[in-house]
Amino acid sequence: MSCLLSSPPIPTLSSLQTQNPNPTKEEWLYTSLKSPKTPTQLKTLHAQIIKTGLTQNDLVFGQLFLCCSISNTMNYARHLFDKLHHPKLFFYNAMIKGYSLNDFHQDALTLYTLMRYRSVTCDSFTFPVVLRSASTLGKIHIGKELHGLVLKMGCAERLIVQTAFIDMYCACGLSSYGRLVFDKIVDKDVICWNTMIAGYIKCGEYGYAKEVFELMPVRNVSSWNTIVDMYCKCGDMEMARKLFEDMPEKDVISWNALISGYAKIGESGEMRRLFDEMPRKNVVSWNVMITCYVHNRQFLEALELFRVMQVSDVKPNEVTVVAVLPVCAHLGALDLGKWVHAYIDRNRVKIDVYVNTALIDMYGKCGSVEDAKRVFNNARVKDTFLCSTMIEVLGTHGKAKEAFTIFSYMRSTGIKPNDVTFVGLLKACSHVGLVDAGVKYFFMMSEEFRLMPKVEHFGCMVDLLGRAGHIEEAHELIKSMPMDPHPIVWGALLSACRIHGNVKLAEEVALRLIELEPQSCGNYVLLSNIYSKAGRWDEAANLRRKMKEKGVVKKPGCSSIAVNNVVNEFFAGDRAHSRSKEIYKKLDEIVTRLKTEGYAPCTSSALHDVDMDEKEQALLHHSEKLAVAFGLISTDHKTPIRIVKNLRVCDDCHLFLKMISKYYNRQMIVRDCNRFHHFRDGSCSCSDFW
DNA sequence: GTAGGGTTAG
């Protein structure tokens, strides 16, 4: 839908008249076809071409194909193409070029094969385009065949064709073949040299790249940029910096290359200095910066830069929003995410499969499955990533059946699942306890799709079996794993033991885990909770002493809630918020109210070795309780409260939230570190199973 | 020919 919005309208006759007072119908149509169109507009234009009798006019009709390609509607172009009885070479070229520009390289190659089968002779316009597709897909046999053909046809001397061969061979990993072509060329231009250098870099042969660079008789900015980027890619920033300083002239790409070099090694300080210093910035400069901040988990810096970018003279594009959306996802800031989505529509940012994937992930992680589904259904291009993301979202929200439907969709449309797809499916099964389905998918992976289960898949299976109470089977599965079980796998077994009260095995597993990752607090906390629940206070105390000795600090619980686009963070017992007084007052009121309804704090969740009263206090000031209290005083009663927590929700908070949803008649959506809880009318979507 | 992008087990 947003694609419809993003197409500029067809220019009217009057708007063109300012440049050309009397355009002919032909000129008018040709000009119209220069900018992207919606499918409806394309149909209208096609009808006009037929009406005007211009179907024989290669220039106008060919432009229609090219217009389809810039409008992302290659299906329509193909529909028109298939109606032609004997398509001319010109139309094959236009179609292949269209496919290639839209990155449908397989379609480009298939059409090329059809063309050969129909004995249509290619020309020098066909070769570079087909070569590009062949090299992108690494189809060396097509590349070689083309090479033979070109030699036979005698158009091998064209520099552009030669250059395309160098590129193709190098992209297929055969730099020595590329070098043979390169060496035979008599009048090499600078593009040819640059392609050879880039080819060596693609093959990881940096030494040769440098050698060719030094041999160049004339270098342009691109040559320097390529070589500077090469040093950045290897992380040799010293050399990159030296070359950058030596460059006779620099353009924005030179600066971007260097900045992204610092970004890659995480030196955000030096990156920022250069960014502030550069004379002119383009959209890539901003994107490199924002992406780097996101990767370094400097989310607030990323958002701030995105804000500054909007008042700069550079417009954000699809790459920018793909960088920013994960920030919303991470913060669970639904309103902010929705704002970015609206921004995309309002500013006609191109919506491609990356943007859609990021949107689905954002909506999923912000708790709005409905919005995620809407984006999925409207997505014109669906690929493995997009579908896997949708499956993952449905799974974490406990909608296993719908996740299976997406998987069936993938199978019926030929979208190949990958290992991540199966992680999503297995997770979906384990959240709702569908053991049989999980086992089915686990075996399907290798038997039907030739994907070997990785440690992640074993982790999911242990979780699935363990949660459903098949603890022994889960344990057996770990023992039978072909690889070393990652601590996460043992962790899955441990939490199963916790749910099903298997103290004996829990102890064994937890001690092993503590040995494996002595600095991770979670294992101590889990085991200590298990001891406390079993009334083994001494051992719980012992464990805490051990923790202290090893200098392990308990990761503080932190919950965040976004109100009016401001993210409010709360730590347990935190009094830093500006409305702290009101929040604690509200919390007192809630507790008093819920106690009259039968709420009794379940103190076994508290780790502290203190008396009952203090234990209760610590419990009552858990971060999610503070966040909920804040939500209740700062939003109206119809607004669902959305909270993101960094740890797992404890038993007590879970009960507390269920009761609030009933007695305060409030919907609450809580994302903990591994799933969603939708609280409503006194119950939770996880069925107390988490 | 050169800079920037999406999913992943406790």
Side-chain angles (χ1 to χ4, degrees), chain A residues 163 166-167 189-199 201-202 220-230 232-233 251-261 263 282-292 294-295 317-326 329 352-362 364-365 383-393 395 417-424 426-427 430 453-464 466-467 485-496 498 509 513 517 520 522-523 526 648 673-675 690:
Chain A
T163 310
I166 299 175
D167 181 51
D189 66 357
V190 65
I191 297 183
C192 192
W193 284 89
N194 288 348
T195 310
M196 193 63 243
I197 297 175
I201 295 176
K202 262 182 216 157
N220 65 7
V221 188
S222 300
S223 330
W224 285 92
N225 288 344
T226 310
I227 215 79
V228 167
D229 182 52
M230 179 186 88
C232 291
K233 278 202 180 93
D251 63 5
V252 65
I253 295 180
S254 332
W255 287 87
N256 288 347
L258 198 66
I259 289 178
S260 99
N282 68 3
V283 64
V284 176
S285 328
W286 290 90
N287 291 346
V288 174
M289 294 292 295
I290 296 176
T291 308
C292 172
V294 177
H295 284 172
N317 68 0
E318 66 277 10
V319 180
T320 324
V321 299
V322 169
V324 171
L325 284 168
D352 59 16
V353 64
Y354 288 88
V355 174
N356 278 327
T357 308
L359 280 170
I360 293 173
D361 184 52
M362 180 278 289
K365 293 212 171 94
D383 70 356
T384 307
F385 274 57
L386 186 104
C387 294
S388 303
T389 308
M390 192 66 230
I391 288 175
E392 150 77 22
V393 166
N418 64 11
D419 51 332
V420 182
T421 319
F422 282 97
V423 170
L426 295 177
K427 238 167 93 173
S430 98
K454 293 193 188 171
V455 65
E456 288 92 331
H457 302 98
F458 282 98
C460 291
M461 286 307 285
V462 170
D463 187 52
L464 171 69
R467 269 176 205 281
H486 187 277
I488 290 181
V489 180
W490 287 113
L493 187 61
L494 177 58
S495 77
R498 183 191 69 101
V509 175
L513 267 170
E517 23 178 45
S520 159
N523 304 318
L526 258 176
R648 187 199 289 269
C673 61
N674 58 48
R675 66 166 300 153
W690 80 98

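From a predicted model like this one, the values you see are computed outputs, not experimental measurements. Letters A, B, ... mirror the listed sequences (proteins, then strands); counts begin at 1.
Taking atom CG on L359(A) and atom C1' on dG5(B), their separation rounds to 13 Å, with Å as the unit. Distance, W490(A) CH2 to dA9(B) C1': 15 Å, rounded to whole Å. The separation between I290(A) atom CD1 and dG6(B) atom P is 13 Å, rounded to whole Å. For the pair E392(A) CD and dG6(B) P, the computed distance is 16 Å after rounding to whole Å. Note: CE (M289(A)) to P (dG5(B)) measures 14 Å, nearest angstrom. The NZ-P distance, from K454(A) to dT7(B), rounds to 14 Å in whole Å. Going from atom CG of N225(A) over to atom C1' of dT2(B) covers 5 Å, rounded to whole Å. Per the geometry, NZ belonging to K202(A) stands 10 Å off P belonging to dA3(B), to the nearest Å.
Among the atoms of the strands shown, none is found under 4.0 Å from any heavy atom of A323(A). Among the atoms of the strands shown, none is found under 4.0 Å from any heavy atom of V190(A). Using a 4.0 Å heavy-atom distance criterion, V321(A) is classed as making no nucleic acid contact. Within the 4.0 angstrom heavy-atom criterion, base atoms lie near I488(A). Looking at heavy-atom distances under 4.0 Å, D419(A) makes no contact with the nucleic acid at all. If you check every strand for non-hydrogen atoms under 4.0 Å, D352(A) touches a base. Residue L386(A) is in base contact, counting any heavy-atom pair closer than 4.0 Å across all strands shown. K233(A) comes within 4.0 angstrom of the backbone, heavy atoms only, and of no base.
Across dT7(B), dG4(B), dT2(B), the shortest atom-to-atom separation from the side chain of N287(A) is found for dG4(B). Among the nucleotides dA9(B), dG4(B), dT2(B), the one closest to the side chain of V489(A) is dA9(B). Nearest to the side-chain atoms of D229(A) among the listed nucleotides dA9(B), dA3(B), dT8(B) stands dA3(B). For V420(A), counting side-chain heavy atoms from C-beta on, the closest listed nucleotide (dG10(B), dA3(B), dT7(B)) is dT7(B). Proximity note for S388(A) (side chain, C-beta onward) versus dG5(B), dA3(B), dT7(B): the nearest is dT7(B). Minimum atom distance to the side chain of V319(A) is reached by dG4(B), of the listed dG10(B), dG4(B), dA9(B). Of the candidates dT2(B), dG6(B), dT7(B), dT2(B) carries the atom nearest the T226(A) side chain, counting heavy atoms from C-beta on. The side chain of V322(A) has dG5(B) as its nearest neighbour among dG5(B), dG4(B), dA9(B). Here dG4(B) is the nucleotide among dG10(B), dG4(B), dA9(B) with the atom lying nearest to any side-chain atom of V288(A). Considering only side-chain atoms of T389(A), the nucleotide from dG5(B), dG10(B), dT7(B) that sits closest is dT7(B).
No hydrogens or angles were tested; on distance alone, nothing pairs the side chain of E456(A) with the base of dG10(B) as donor and acceptor under 3.5 Å. Counting distance only, with no hydrogens placed and no angle test, the side-chain atoms of N282(A) and the base atoms of dA3(B) include a donor-acceptor pair under 3.5 Å. Between the side chain of N356(A) and the base of dG6(B) there is no donor-acceptor pair of N/O atoms closer than 3.5 Å. Judged by atom type and distance alone, S495(A) does not reach the base of dG10(B) through any side-chain donor-acceptor pair under 3.5 Å.
By the side chain to side chain contact (heavy atoms under 4.5 Å, CB included) test, D419(A) is found to be paired with K454(A), H457(A), residues two or more places apart in sequence or in another chain being considered. Scored by the ring-ring contact (aromatic ring centres under 6.0 Å, His included) test, W286(A) finds F275(A) as partners (sequence neighbours excluded).
Here D229(A) contributes atom CG and I253(A) contributes atom CD1; the two are 10.0 Å apart, rounded to the nearest 0.5 Å.
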Tell me, with the steps shown, if N225(A) and N256(A) meet side-chain hydrogen bond (donor to acceptor under 3.5 Å, both in side chains).
CA-CA 9 Å; N225(A) 288 344; N256(A) 288 347; over 6 Å; no

The test is side-chain hydrogen bond (donor to acceptor under 3.5 Å, both in side chains); show your working for N418(A) and T384(A) and say whether it passes.
CA-CA 7 Å; N418(A) 64 11; T384(A) 307; 5.6 Å; no

Intermediate values then yes/no, side-chain contact (heavy atoms from CB on, under 4.5 Å), S254(A) and V228(A)
CA-CA 8 Å; S254(A) 332; V228(A) 167; over 6 Å; no

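Of the possible polar contacts, none joining the D361(A) side chain to the G364(A) backbone as a donor-acceptor pair under 3.5 Å is found.
Side-chain nitrogen and oxygen atoms of K365(A) include none within less than 4.0 Å of the OP1 or OP2 phosphate oxygen of dG6(B).
Remark: ring of Y354(A) stacked against base of dG5(B); centroid gap under 5.5 Å, plane tilt under 30°.
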